[in-house]
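Single-structure report; data block below.
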Amino acid sequence: MSDKTNQQWGGRFNEPTDAFVARFTASVEFDQRMYLQDIRGSIAHAKMLTQAGVLTEQERDDIIRGLGEIRVEIERGEFEWSIALEDVHMNIEAALTAKIGITGKKLHTGRSRNDQVATDIRLYLRDEIDLILPEITRLQQGLLTLAEGEADTIMPGFTHLQTAQPVTFGHHLLAWFEMLSRDYSRFVDCRERVNIMPLGAAALAGTTYPIQRDLTCELLGFSAPAENSLDAVSDRDFAIEFCAASSVLLMHMTRMSEELVLWTSAQFNFINLPDRFCTGSSIMPQKKNPDVPELVRGKSGRVYGHLMSLLTLMKSQPLAYNKDNQEDKEPLFDTIDTVKGCLRAFADMVPALESKKESMREAALRGFSTATDLADYLVRKGMPFRDAHEVVGKSVAYGIAQNKDLGEMSLDELVQFSDTIEQDVFDVLSLEGSVAARDHIGGTAPDQVRAAVKRGQAKLDQRV
């Protein structure tokens, strides 16, 4: 057999793999990042084979020692990866055999690369979810801290990006907190389905060796072994689901990003981003560009693309494993990296946001943001809502013509639209009165914002 043929499976072949095909089909350049999971899976497999009587205790110990040495070499950057050996699994197995001899060749007994790679991906993704969840929490903690400090800061609330009603900045920040709470629960839920063990399914039909899947499952921390061998090796639902959860998370972060970009503009002037999260212009010396939220906004596209890539990859695939599935890793890996990077950037940046309270308040005074409060006032005085709506509409039309907000009008001016209006109307036409009146769970009143912060903090504390 030519030394150019992969010796792990080359017995069937009469000629070496074409050099281009070897490079084209290799995955080691990107799947080597799963080396730790591959070694952990192999150690657990070796321990199980020993319990099953397939390996001796000495062989088990030699395998574990050899794999430990390989791990050190990889982490020191001393390990030589070979494209000829295709992937991380065969590179490590070949290195193990070179270290400990024929015993290394026994490690693959009772398993296939199909269930091995499926196990490694799940282990890897499980580890990454366990890193992503604390970053979501860290971002949420930053939002809670900021929201508590901005519980009394009044800003305009928008619908259709038009001034709607006064809210508090703290209340607005807590809306972001709620988005992230749903994202957190999606990743927790996804992790449950990730945490199923394919190992033992072998190529597609299981193995004739007396393996003990429950033992391997326990050693690797999986919640249960996969029930069906065909499904176990070919399922990539968990990767699709992770990318779907990531897409929703990035969608939420684009909404946050868009508002941050708007708010930092001269036209809004609501917040200041510290210089360390911004860049300047090569030609315009006055520019301070909000690059971090802009880039997060842009990165959503690649995550959406990866979701569609994986859905398309799995479309119409017959059972069981197909080489197509090698294409699952790069989209998944890049999604993981993108999500972690975006979360880290926001978790670092959000606590450093500085509100421009006067600009926010001034903006809330424009656009007749207390119009609904006036309508509610009239209803409480006994006027049907539709009639109140018409009265307020006429008041707004007058204000537009006179360039006056409702709160700037005199009582005589307001009374011309309805004699139901009295002096106490000015209590509801003030910004402070408007936000304070929404004093219920989920409302924008400062006391409700502070109470929501406490409830949010209790949720975060339960995660620890």
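If you're wondering where the values come from, they're calculated on a predicted model, not measured in any experiment.
- With respect to the salt-bridge test (charged N to carboxylate O, under 4.0 angstrom), the residues E362 and R366 qualify.
- Using a 4.5 Å heavy-atom cutoff, the side chains of L313 and R236 are not in contact.
- Side chains of L174 and L143 form no contact here, defined as non-hydrogen atoms less than 4.5 Å apart.
- For S309 (side chain) and G305 (main-chain N/O), no donor-acceptor pair under 3.5 Å exists by modelled atom type.
- Ion pairing of R386 with E390 is absent here, as no side-chain N (NZ or NE/NH1/NH2) approaches a carboxylate O to less than 4.0 Å.
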task = Show the numbers, then the answer: is there a salt bridge (Lys or Arg N to Asp or Glu O under 4.0 Å) between E432 and R361?
result = CA-CA 10 Å; E432 288 75 15; R361 193 177 194 283; 2.7 Å; yes

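- A donor-acceptor contact closer than 3.5 angstrom is absent between the side chains of Q326 and D87.
- Ion pairing between D447 and R450 holds under the 4.0 Å rule for side-chain N and carboxylate O.
- We find the NE2-OG distance between H89 and S27 to be 6.0 Å, quoted to the nearest 0.5 Å.
- Counting heavy-atom neighbours within 6.0 Å of K381 NZ, excluding the residue itself, gives a total above 12.
- Checked for salt-bridge contact, E135 and R138 meet the test: a charged N lies under 4.0 Å from a carboxylate O.
- Remark: the D412 side chain and the Q416 side chain contain no N/O donor-acceptor pair separated by less than 3.5 Å.
- Counting heavy atoms from C-beta outward, L460 and F177 have side chains that approach closer than 4.5 Å.
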message = If you apply the rule side chain to side chain contact (heavy atoms under 4.5 Å, CB included), what do you find for V248 with M179, and how did you get there?
response = CA-CA 9 Å; V248 176; M179 296 178 191; over 6 Å; no

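- Not one N or O on the side chain of Q32 forms a donor-acceptor pair closer than 3.5 Å with the backbone of V88.
- When atom types are taken as modelled, the side chain of K288 and the backbone of L273 share a donor-acceptor pair closer than 3.5 angstrom.
- Smallest separation of non-hydrogen atoms from G407 and L429: CA-CB, 4.2 Å.
- With hydrogens and angles ignored, the 3.5 Å screen pairs no side-chain donor or acceptor of S257 with any backbone N or O of E294.
- No hydrogens or angles considered: nothing links the side chains of H45 and Q116 as a donor-acceptor pair under 3.5 Å.
- Judged purely by distance below 3.5 Å, without hydrogens or angles, the side chains of Y35 and N91 never pair a donor atom with an acceptor atom.
- For the atom pair S246 OG and M253 CE, the distance stands at 11.0 Å (nearest 0.5 Å).
- The two residues K299 and C342 make their nearest non-hydrogen contact at CD-SG, 3.9 Å.
- Listed for the S223 side chain is a donor-acceptor partner under 3.5 Å among the backbone atoms of N195.
- Looking at Q140 and R463, their side chains come closer than 4.5 Å, going by heavy atoms from C-beta outward.
- Atom CZ of residue F277 and atom CG of residue L295 lie 13.5 Å apart, to the nearest 0.5 angstrom.
- Remark: Q317 CD is packed, more than 12 non-hydrogen atoms of other residues, nucleotides or ligands lying under 6.0 Å away.
- The pair E150-K357 meets the salt-bridge criterion, since a charged nitrogen lies less than 4.0 angstrom from a carboxylate oxygen.
- Between the N322 side chain and the A320 main chain, a donor and an acceptor come within less than 3.5 Å of each other.
- K404 places a side-chain heavy atom less than 4.5 Å from the side chain of E413.
- Within the 4.5 Å cutoff, the side chain of W81 has heavy atoms near those of the I74 side chain.
- A salt bridge links D130 with R191: at least one charged nitrogen is closer than 4.0 Å to a carboxylate oxygen.
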message = For a side chain to side chain donor-acceptor pair (under 3.5 Å) check, start with the C-alpha distance between R111 and S42, then their side-chain angles and the critical distance, and finish with the verdict.
response = CA-CA 10 Å; R111 74 176 181 184; S42 290; 3.1 Å; yes

message = One pair to check against side chain to side chain contact (heavy atoms under 4.5 Å, CB included): D405 and F368. What are the steps and the verdict?
response = CA-CA 6 Å; D405 190 75; F368 305 95; 3.9 Å; yes

inquiry  = side chain to side chain contact (heavy atoms under 4.5 Å, CB included) for M256 and V350? Distances and angles first, verdict last.
reply    = CA-CA 10 Å; M256 301 175 201; V350 163; over 6 Å; no

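- At distances below 3.5 Å, not a single donor-acceptor pair connects side-chain atoms of D115 with backbone N or O atoms of L199.
- Counting heavy atoms of neighbouring residues, nucleotides and ligands inside a 6.0 Å radius, atom CZ of R344 does not exceed 12 of them.
- Taking each heavy atom of I196 and P225 in turn, the nearest pair found is CG2-C, 4.0 Å.
- The nearest pair of heavy atoms linking P384 to V379 is C-CG2, 4.4 Å.
- Counting only distance, with no hydrogens or angles, the side chain of T370 and the backbone of D373 share no donor-acceptor pair below 3.5 Å.
- Of the possible donor and acceptor atoms, none in the side chain of S418 sits under 3.5 Å from a partner among the backbone N and O of V415.
- Nearest heavy-atom pair across I129 and F187 is CG2-O, 3.9 Å.
- Y321 and R113 share no donor-acceptor pair across their side chains, judged by distance under 3.5 Å alone.
- Between R122 and D235, at least one side-chain N (NZ, or NE/NH1/NH2) sits under 4.0 Å from a carboxylate O, which counts as a salt bridge.
- A salt bridge is absent between D31 and K329; no separation between the charged side-chain nitrogens and carboxylate oxygens falls under 4.0 Å.
- In terms of heavy-atom proximity, C243 sits nearest to V303 at O-CG1, 4.2 Å.
- Within 6.0 Å of the NZ atom in K454, the count of heavy atoms belonging to other residues, nucleotides or ligands does not exceed 12.
- Classification of the F270-W263 ring pair by plane angle, with boundaries at 30° and 60°, yields tilted.
- Within a 6.0 Å radius of CE in M308, other residues, nucleotides and ligands contribute 12 heavy atoms or fewer.
- Under a cut-off of 6.0 angstrom, the local environment of CD1 in I400 is crowded, with over 12 non-hydrogen atoms contributed by other residues, nucleotides or ligands.
- Residues L204 and N114 fail the side-chain proximity criterion, which asks for heavy atoms closer than 4.5 Å.
- Cation-pi contact between R126 and F238: absent, since separation from the ring centre below 6.0 Å together with deviation from the ring axis within 45° is not met.
- In E358, the CD atom is not crowded: 12 or fewer heavy atoms of neighbouring residues, nucleotides or ligands sit closer than 6.0 Å.
- The side chain to side chain donor-acceptor pair (under 3.5 Å) search around T254 returns none, not counting sequence neighbours.
- Ion pairing between a basic and an acidic side chain is recognised when a charged N comes within 4.0 Å of a carboxylate O; D183 and R186 show such pairing.
- Contact of the W176 side chain with the L173 side chain is registered, since non-hydrogen atoms from C-beta on lie closer than 4.5 Å.
- Taking 4.0 Å as the cut-off between side-chain N and carboxylate O, D334 and R302 count as a salt-bridged pair.
- Annotation for R438: atom CZ counts as buried by contact number, over 12 foreign heavy atoms lying within 6.0 Å.
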Steps toward side chain to side chain contact (heavy atoms under 4.5 Å, CB included) verdict (Y124, L332) = CA-CA 11 Å; Y124 182 83; L332 179 61; 5.7 Å; no

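- In this structure, R40 contributes its side chain and L219 its backbone to no donor-acceptor pair below 3.5 Å.
- Summarising the geometry, atom NE2 belonging to H171 is positioned 14.0 Å from atom OG1 belonging to T153; distances are rounded to the nearest 0.5 Å.
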